[in-house]
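First the proteins, then the strands, lettered A, B, ... as listed; each starts at 1. Predicted, not measured: the structure shown is a model, and the values here were computed from it.
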Number of protein chains: 2
Amino acid sequence: MQRCCPPAKVVETDFEPAAGLLKAIADPYRLTMLATLATAEDEVCVCDFTDALPLNQPTVSHHLRILREAGLVTCDRRGTWVYYQLAADARARVDHALALVFRKKVHA
Amino acid sequence: MQRCCPPAKVVETDFEPAAGLLKAIADPYRLTMLATLATAEDEVCVCDFTDALPLNQPTVSHHLRILREAGLVTCDRRGTWVYYQLAADARARVDHALALVFRKKVHA
DNA sequence: CCGTTGCATTGACATCCATCGATGTTAGCT
DNA sequence: AGCTAACATCGATGGATGTCAATGCAACGG
């Protein structure tokens with residue numbers, strides 16, 4: 001039987017970091033949080049999320065923690081309240097991860 | 001006690017579709033497959049993946065199915081072999097989902 | 001102080017997901 | 001037809017993930 005094809009070369013890049021970043025984003029509530037922070041162009045208090053989302057407070061805190069640990073948001077406690085902000089390079093980091101994936105073949 | 005802040009407005013967009021698309025991508029092996037298809041700029045045989053990845057054949061098939069159902073790749077059976085190709089609008093669909101999230105406030 | 005309020009953390013549970021062995025299906029070869 | 005090869009599907013299993021009640025902790029007000 002013939003070969004199936006000219007043996008294609010599977011890329012060997014380590015996509016673990018990129019996958020981790022995308023995993024942190026791949027949730028409707030976390031996307032809502034990111035979008036809110038992006039459109040606000042400013043800090044947003046945690047209570048705004050707990051008020052607006054159909055989630056209990058611990059769950060909101062959980063999602064915010066994931067975004068925080070992914071480096072996509074930063075938080076700042078002032079008094080009793082905690083304010084979240086979109087990390088300056090959040091969009092850039094995601095774009096970079098995608099560029100790593102979708103880049104075309106490099107022509108010599 | 002004072003209010004925490006001028007009540008920020010949480011966006012009400014439905015991010016389920018976007019999250020679904022990102023979830024389909026948020027895996028290192030699936031990113032590897034997409035990157036391979038992108039750099040190949042051509043079809044890639046399933047056997048190339050089963051050869052190159054440390055996964056059994058059913059697992060490779062599983063990941064390809066997820067990408068297929070997300071509309072990110074297409075497949076074409078020719079004889080015994082099945083060739084996968086990056087969907088033409090794959091990159092655009094992901095970019096659109098991200099644009100939905102990271103768009104700044106619309107100034108009236 | 002003491003009670004309250006806002007948020008984080010813990011522990012438990014249910015569900016989803018990645019992986020693989022076994023089996024099914026389709027195509028080619030003799 | 002019978003055999004083999006390539007890929008898909010099924011079923012089971014272990015690990016990851018989303019959710020919430022209970023608890024902890026820090027900051028304010030009385």
Discussion item. Please confirm whether the shortest side-chain N or O distance from B/Tyr84 to OP1 or OP2 of D/dA8 is below 4.0 Å.
Written reply: yes
Worksheet entry | Distance, rounded to the nearest Å, where B/Asp51 contributes CG and D/dA5 contributes P | 14 Å
Practice prompt. Report the residues that fulfil side chain to side chain contact (heavy atoms under 4.5 Å, CB included) with B/Ala90, sequence neighbours left out, ordered by chain and then residue number.
Written response: A/Phe102, B/Leu72, B/Leu86, B/Ala87
Discussion item. So A/Phe49, base contact, sugar-phosphate only, or nothing? Heavy-atom distance under 4.0 Å.
Written reply: nothing
Worksheet entry | Qualifying side-chain hydrogen bond (donor to acceptor under 3.5 Å, both in side chains) pairs with a residue from residues 18-39 of chain A, counting only residues at least two apart or across chains | A/Arg30-A/His63
Practice prompt. List in chain and number order the residues that pass salt bridge (Lys or Arg N to Asp or Glu O under 4.0 Å) with A/Arg78, two or more places apart in sequence or in another chain; answer none if no residue qualifies.
Written response: A/Glu43, A/Asp76
Practice prompt. Check each residue of residues 11-35 of chain A for a non-hydrogen atom within less than 4.0 Å of any atom in DNA chain D, then write out the ones that pass by number, or none.
Written response: A/Lys23, A/Asp27, A/Tyr29, A/Arg30
Response to the item:
Contact check, residues 54-64 of chain A vs DNA chain C, heavy-atom distance under 4.0 Å, returns A/Gln57, A/Pro58, A/Ser61
Item to complete: Check salt bridge (Lys or Arg N to Asp or Glu O under 4.0 Å) between A/Glu16 and all other residues, then give those that pass, not counting sequence neighbours.
Response: none
Worksheet, complete the sentence: Residue pairs passing the side-chain hydrogen bond (donor to acceptor under 3.5 Å, both in side chains) test with at least one member in residues 83-94 of chain A, sequence neighbours excluded, are A/Arg68-A/Tyr84, A/Arg91-A/Asp95
Worksheet item: What pairs with A/Arg77 under side-chain hydrogen bond (donor to acceptor under 3.5 Å, both in side chains), at least two apart in sequence or on another chain?
Response: none
Fill in: Rounded distance (Å) that lies between atom C1' of C/dC7 and atom CG of A/Asp76
14 Å
Practice prompt. Sorted by first residue and then second, give each side-chain hydrogen bond (donor to acceptor under 3.5 Å, both in side chains) pair with at least one member in residues 6-15 of chain A; sequence neighbours left out.
Written response: none
Item to complete: Would you mind reading off the distance between B/Trp81 atom CH2 and D/dT4 atom P, rounded to a whole angstrom?
Response: 17 Å
Item to complete: Could you tell me the separation between the OH atom of B/Tyr83 and the C1' atom of C/dA27, rounded to a whole number of Å?
Response: 12 Å
Worksheet item: Choosing from C/dA18, D/dC10, D/dC7, which nucleotide comes nearest the side chain of B/Cys47?
Response: D/dC7
Worksheet item: Of the nucleotides D/dA6, D/dT9, C/dA8, which has the atom closest to the B/Arg77 side chain?
Response: D/dA6
